[in-house]
Amino acid sequence: MNRRLPEERLQDFKEVATGLPEQTAVLEALRCMGCPRPLCVDGCPVSIDIPGFINAIADEDFRTAARIIKQDNMLPAICGRVCPQEAQCQGTCILGKKDKPVRIGALERFVADWERENGVEPPQTAPATGKRVAVVGSGPAGITAASECLRAGHQVTIFESLHEAGGVLTYGIPAFRMPKDIVRFEIEQVLALGAELHLNHIVGRSVPVDELLAYDAVFIGTGAGLPYFMSIEGENFSGVYSANEFLTRVNLMHADRFPEFDTPVIRGSRVAVIGGGNVAMDSARVARRLGAQVYLIYRRREEDLPARQEEVENAIQEGVEFVCCANPTRILGGPEVQGIECTRMDMCECDESGRPVPRPCTGEGSTFTLDVDVVIEAIGQGPNPLLAGLIPGLKRGRRGNIEVDEDGRTSIPHVFAGGDIATGAATVIWAMGSAKKAAAAINQMLADTDSE
Amino acid sequence: MYRIIKRNQIADNIYEFWINAPHVTKTGRAGQFVVIRIDEHGERIPLTISATKGEDVRIVFMAVGKTTQQLAALEEGESIRDIAGPLGTPSEVKKWGRCAVIGGGVGIACLPILARELKAAGNEVTGIIGARNEGLLLLEDELREACDELVICTDDGSKGHHGYPADILKEMVADKALDAVWIIGPAIMMKITSFATLDTDVRTFVSLNPIMVDGTGMCGSCRVTIGGETKFACVDGPEFDAHQVDWDELMNRQRTYTGQEKESLEHYHEHKCECGEHQ
Ligand SMILES: Cc1cc2nc3c(=O)[nH]c(=O)nc-3n(C[C@H](O)[C@H](O)[C@H](O)COP(=O)(O)OP(=O)(O)OC[C@H]3O[C@@H](n4cnc5c(N)ncnc54)[C@H](O)[C@@H]3O)c2cc1C
Ligand SMILES: Cc1cc2nc3c(=O)[nH]c(=O)nc-3n(C[C@H](O)[C@H](O)[C@H](O)COP(=O)(O)OP(=O)(O)OC[C@H]3O[C@@H](n4cnc5c(N)ncnc54)[C@H](O)[C@@H]3O)c2cc1C
Ligand code: SF4
Ligand code: SF4
Ligand code: FES
């Protein structure tokens with residue numbers, strides 16, 4: 001993917017990765033061998049007909065390419081940007097064995113962007129069935145479930161507790177990776193199929209549970225919105241954020257443009273981000289754009305970072321300083337943050353998964369402090385606890401996630417769930433894939449009750 | 001968009017708004033709150049549900065900063081962009097026996113709905129309200145009706161008891177005439193007033209007001225320490241056992257954005273003059 005220059009992109013929140021020009025896209029498409037047993041499709045959680053759409057690009061028939069993608073994926077401009085393709089479709093592409101895999105994600109994005117500029121063709125929908133489906137949450141899971149149920153002709157009502165739809169796409173992933181007008185546009189395509197969207201509605205509170213269960217079918221896609229904290233000393237000082245809070249202030253509330261927008265954020269002159277995943281990279285890169293010097297503190301080695309390689313590279317280019325093999329033990333200061341104390345970690349034997357286990361060093365020089373005025377904890381999120389706990393008889397796992405079978409069925413017959421609330425924090429496309437299966441099961445169930 | 005049905009100034013710098021929000025009134029109960037956002041540029045701020053009638057919810061607020069001043073400048077018939085709720089866990093309303101509900105300053109606004117619910121659950125309810133001076137007292141008539149008894153206090157003696165609600169509470173505790181008390185107001189007032197029931201059997205609730213963003217448990221901005229444990233006030237609260245609260249931490253966290261709040265207000269007043277949009 002081509003990227004804008006770091007000096008330039010640190011000045012704004014505009015997209016870092018630039019799309020493929022038409023000619024490049026066509027040339028890239030010509031690299032695909034159109035395998036009769038395409039391995040790439042096995043790597044895609046929603047099994048897009050990848051050789052099919054790429055072949056259409058090669059023929060310069062972008063309309064057909066869009067049509068093929070949208071049979072399986074209603075949000076291609078989003079997936080083309082944020083899918084961890086190296087671990088999914090591109091990870092299994094046969095060309096990747098010897099050479100570079102086909103840049104499937106970039107091609108998907110190209111088609112989606114082309115379609116957005118050249119007019120979108122609405123998908124076919126079945127005649128109205130008169131059945132009512134409630135969808136809780138408007139993240140990728142909820143939006144996908146809604147789209148599938150709408151296409152089957154059902155009446156769909158989406159409830160969202162925030163003032164904007166999109167879930168993590170809107171409040172979590174920064175605009176320089178996922179432009180917000182594109183999120184809005186793709187969601188509007190789904191709404192245009194006839195869904196009703198109720199913002200500011202917290203299901204379980206604004207919509208009582210019995211009212212929810214009165215729908216013919218219910219899909220729960222409430223996500224993994226509960227931020228974890230490390231439970232270290234000084235954690236509640238002013239200036240300690242969860243990644244969720246920091247990113248929400250900037251992405252959803254536009255604190256980067258304070259005071260033009262009312263919500264403030266502490267910009268910090270020196271910021272410590274704790275964690276090594278995509279959420280940590282996003283937080284660090286946002287903090288850089290707010291003008292701070294940024295340390296990213298991670299327990300293991302740089303090569304163990306769980307974030308996507310591309311995002312790690314971006315963070316390095318943008319001047320994020322990595323402090324690896326270090327574990328924060330205490331936040332210093334009070335009431336404001338003045339520093340963070342860390343212990344150096346040693347890597348010892350590997351665990352079952354083959355990853356080395358970090359162990360705190362002891363003795364002279366094993367602890368050090370960094371002078372910082374903001375700390376952002378990006379150590380993971382748990383299932384959103386609010387609604388799931390309020391529904392009597394809904395079976396949940398140990399960590400509070402909703403238990404589902406392969407088709408997204410919960411312990412209550414007409415209630416289904418998918419996305420992060422069922423799987424734990426995962427990815428956009430996994431959330432969409434699980435929602436699609438659940439929606440198929442919902443559509444089947446509603447068709448069966450009809451023929452009875 | 002949610003329409004302002006009624007607007008009143010009810011005390012010095014304190015306003016009462018009725019807003020049409022059927023999704024809030026359907027289940028909204030004492031102890032819960034809403035989060036509002038005035039417009040596209042607005043901050044999400046929490047305000048307690050003070051009463052509900054049909055599809056309208058009442059909020060009562062003091063115009064202290066940018067958002068509340070901008071809100072106060074809106075007229076009947078105008079609309080606000082967002083109101084989400086009801087949020088938070090309802091008050092623990094059951095048959096306690098004798099209850100007191102204590103409000104300090106704008107915290108008085110939270111009492112009517114609570115007093116009514118406690119009465120309906122068979123409790124005898126004493127209301128105690130306090131403010132710096134007579135001009136800052138609110139909802140007196142309504143509370144007189146909602147409670148069995150109402151005691152008024154002012155710091156300067158301009159009306160009622162010359163002193164603090166804590167004085168009255170101490171007497172009630174000494175008379176052993178109390179089973180549960182709610183204290184709602186500024187953090188410092190809740191802290192000091194709740195000393196009166198330390199080492200007694202009186203269940204003492206306070207409604208904490210940390211800085212919030214989403215109000216749905218997603219960000220952790222509202223975290224407070226209760227009995228040594230971190231809780232999210234917007235979902236686990238906002239009401240907690242007064243004697244378990246880490247008050248100093250709460251008050252420190254409330255001051256996180258003092259500088260920016262001032263800047264925001266200045267920006268608002270400058271901008272207001274330039275565009276003349278809001279008078
Ligand atoms: C900062 C960050 C960066 C990420 N980067 C990537 C990436 O690059 N690539 C990738 O594939 N994945 C990424 N992920 C993960 C991905 O975003 C999630 O896996 C995905 O969004 C899950 O979708 P979902 O629909 O299950 O939940 P969410 O997106 O969390 O949406 C849930 C929605 O439900 C709403 N809700 C919750 N409770 C209620 C209720 N009671 N009533 C009404 N509404 C409710 C919430 O407000 C929210 O809008 C990232 C996550 C984060 C936090
Ligand atoms: C659960 C809860 C219920 C509340 N109920 C009421 C009520 O019924 N009436 C009322 O007048 N006030 C209430 N408050 C306080 C109210 O939210 C703040 O007064 C309001 O946010 C101030 O915004 P501002 O922009 O006008 O002032 P600012 O100048 O921004 O701030 C003034 C003060 O308000 C606090 N504050 C600022 N932003 C927030 C925020 N996003 N969340 C919480 N506090 C903030 C700050 O600590 C500051 O000291 C409640 C707070 C909470 C948490
Ligand atoms: S949806 Fe994601 S995994 Fe599937 S083809 Fe597109 S980029 Fe690859
Ligand atoms: S595996 Fe690679 S080469 Fe084969 S069809 Fe898929 S993208 Fe084309
Ligand atoms: S306000 Fe965000 S978790 Fe409570």
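Keep in mind that the numbers below use all heavy atoms, side chains included, and drop hydrogens, waters and symmetry copies. Lettering follows sequence order; numbering is per chain, from 1.
Looking at A:Phe246, neither its backbone nor its side chain comes within 4.5 Å of chain B, counting heavy atoms on both sides. Of the two parts of A:Thr248, only the side chain, counted from C-beta on, holds a non-hydrogen atom closer than 4.5 Å to a non-hydrogen atom of chain B. For A:Leu199, the part lying under 4.5 angstrom from a heavy atom of chain B is the backbone only. Residue A:Arg249 touches chain B through its side chain alone, counting heavy-atom pairs closer than 4.5 Å. Only the side chain of A:Glu211 comes within contact range of chain B, judged by heavy atoms closer than 4.5 Å.
With a 4.5 Å cut-off on side-chain heavy atoms, B:Glu263 and A:Phe258 count as touching. Counting heavy atoms from C-beta on, the side chains of B:His41 and A:His254 never come closer than 4.5 Å. Residues B:Glu266 and A:Pro259 fail the side-chain proximity criterion, which asks for heavy atoms closer than 4.5 Å. Proximity of B:His23 to A:Ile202: side-chain heavy atoms (C-beta onward) are nowhere separated by under 4.5 Å.
In terms of non-hydrogen atom pairs under 4.5 Å with chain A, the most contact-rich of B:Gly88, B:Pro86, B:Gly28, B:Ala21 is B:Pro86. For chain B, the option among A:Leu252, A:Asp262, A:Val240, A:Val207 with the highest count of heavy-atom pairs below 4.5 Å is A:Asp262. When each of B:Ile38, B:Thr225, B:Asp82, B:Thr27 is scored by its heavy-atom pairs under 4.5 Å with chain A, the top score falls to B:Asp82. Comparing B:Val235, B:Ile83, B:Thr230 by how many heavy-atom pairs each has under 4.5 Å with chain A, the most go to B:Ile83.
Under the 3.5 Å distance criterion, the side-chain polar atoms of B:Arg253 are matched with a main-chain donor or acceptor of A:Asn236. Checked by atom type and distance alone, the side chain of A:Ser206 pairs as donor or acceptor with a backbone atom of B:Gly85 at under 3.5 Å.
For the atom pair CG of B:Asp39 and CZ of A:Phe261, the computed distance is 9.0 Å after rounding to the nearest 0.5 Å. Interatomic distance, B:Phe232 CZ to A:Leu386 CG, rounded to the nearest 0.5 Å: 12.5 Å.
Heavy-atom neighbours of chain B within the stretch residues 220-228 of chain A, taken at a separation under 4.5 angstrom, comprise A:Gly225, A:Leu226, A:Pro227. Among the residues in residues 241-252 of chain B, those with a non-hydrogen atom closer than 4.5 angstrom to a non-hydrogen atom of chain A are B:Glu249, B:Asn252. Identified by a heavy-atom distance below 4.5 Å to chain A, the contributing residues of residues 211-221 of chain B are B:Ile211, B:Val213, B:Asp214, B:Thr216, B:Gly217, B:Met218, B:Cys219, B:Gly220, B:Ser221, in residue-number order. Against chain A, no residue from residues 53-60 of chain B qualifies, as none has a non-hydrogen atom under 4.5 angstrom away.
Across all their heavy atoms, A:Glu245 and B:Arg223 have their closest contact at OE1-NH1, 4.3 Å. In this structure, A:Arg205 and B:Leu87 approach most closely via the heavy-atom pair CD-CA, 4.2 Å. B:Gly42 and A:Met253 get closest at one heavy-atom pair: O-CE, 3.4 Å. Across all their heavy atoms, A:Asn200 and B:Tyr2 have their closest contact at ND2-OH, 3.5 Å.
Side-chain contact annotation: B:Arg44 with A:His163, donor-acceptor N/O pair under 3.5 Å present.
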